Student: 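Attaching a single structure in structure tokens format; questions to follow.
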Amino acid sequence: MGMNRLQELAPFVKEALQQTAQVANLLCFLHVTNTYLCSIAKLVGPSMFPTFKDGNIVLTERISSRSGKVGSGDVVLIRSPDNPRKIVAKRVKGIEGDEVSYVLDPKNSDEQKTVIVPKGHVWIEGDNIQNSYDSRQLGPVPYALVQSRIFFVVWPPKDFRLIGNEVS
Amino acid sequence: MATPNFLWSLAKKYFTAGLIGLTISDRYASFMAVRGSSMSPTLNPYNENSTAFVLDDYVLVEKLCLQRYKFSRGDVVVFRSSSPPGLDVASLLKELSSPSNYKEKNVKRIAAMPGDWIHLPSLDTVRVPEGHCWVVGDNAACSMDSRSFGPIPLGLICGRVTHVVWPPQRIGGVNSKISMLPEVQVLVSEEHSH
């Protein structure tokens, strides 16, 4: 009797297993596209104003950061050197070997300082230099912290546009 | 002819296996080879007397710790390299011998966590900044580590070494003992000591 019951259940078990495998497959596919191709991010905070506003949803691509092609002017998502759980959006102002001059204290004076970005590092700044915590305080950050490059704003609809590598 | 169908299903199978493999190696655990003797004797024990060909150790790298970035002193970690920010001649020479590529990965042991103080004979006392850690190799004599390039951001870490899986006679866990170098003294800050 017990054997018969089990045999009756077999097709259902088989189908359940197949369904689980399909869901797992889908999740794996999502993970791979997310880590190797492109992903979606929501920006919070004022540091990239006026290019991006608080609450913009953007598309980011990982190919150029993985192949080392991120250059000056690109807007990137970068893991904060201060807090590894946080990812921030900033504009790359210089890559290794570049000479970068920046305003020390934009609120009070125009005094500028010039640095050379060391090997394997990038110089990042927010577009809103009055209100941004970036390389001016942190110094150059390692290139390996760059996660992805922002290339499209998808939300809200009125901001819908492609993001190039120059300051608007 | 069933050949195209067969090929198609074979391709599909490989694709699925690839997807699953990539996901597991990204999110949970992966294997990697350790080169160099900077972590000897924990990894790649180096013996001057033996002339035998020395095999590289293969280690199991656990990635679950990346979800919270929770590490502790003594963990052996894998991190992406970044070149020294302060370039002097000595570090420049070292840099030539080990090109600092963002793709290159290093294996070292965490000696100090954010907020800890470090005593160096060459420098003054250094405080490890927020979100950074101090890494050293177990083989102090030939290791390029935080003593030459300073603290590294925790965000560069891409896994924790838990086991040696190959060669067979070396299979075993990697313990997180803290074998401090004599010239590097760590003062653990209050917030981490308990």
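Order of the sequence lines fixes the chain letters, A, B, ..., with proteins taken first and strands second; residue numbering starts at 1 for each chain. Just so we're clear, the structure is a prediction, and the values are computed from it rather than from any experiment.
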Student: Would you give the length of the straight line joining atom CZ of A/Arg79 to atom CD of A/Gln147, rounded to the nearest 0.5 angstrom?
Tutor: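 It is 4.5 Å, given to the nearest 0.5 Å.
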Student: Parallel, tilted or perpendicular for A/Phe160 and A/Phe152, by the 30°/60° rule?
Tutor: perpendicular
Student: I need the residue from B/Thr23, B/Ile24, B/Ile157 with the largest number of non-hydrogen atom pairs under 4.5 Å to chain A.
Tutor: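 Highest number of heavy-atom pairs under 4.5 Å: B/Thr23.
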Student: Other than A/Tyr133, what residues sit in its cluster of Ile, Leu, Val, Met, Phe, Trp and Tyr side chains whose heavy atoms are under 4.5 Å apart, directly or through others?
Tutor: A/Leu138
Student: Is the shortest side-chain N to carboxylate O distance from B/Asp145 to B/Lys108 below 4.0 Å?
Tutor: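 Salt bridge: no.
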Student: Among B/Leu22, B/Asp26, B/Leu154, B/Thr16, single out the residue with the greatest number of heavy-atom pairs under 4.5 Å to chain A.
Tutor: B/Asp26
Student: I need the residue from B/Pro129, B/Pro153, B/Gly18, B/Gly21 with the largest number of non-hydrogen atom pairs under 4.5 Å to chain A.
Tutor: B/Pro153
Student: I'd like to know which of A/Gly139, A/Ser67, A/Ser80 tops the heavy-atom pair count under 4.5 Å against chain B.
Tutor: A/Ser67
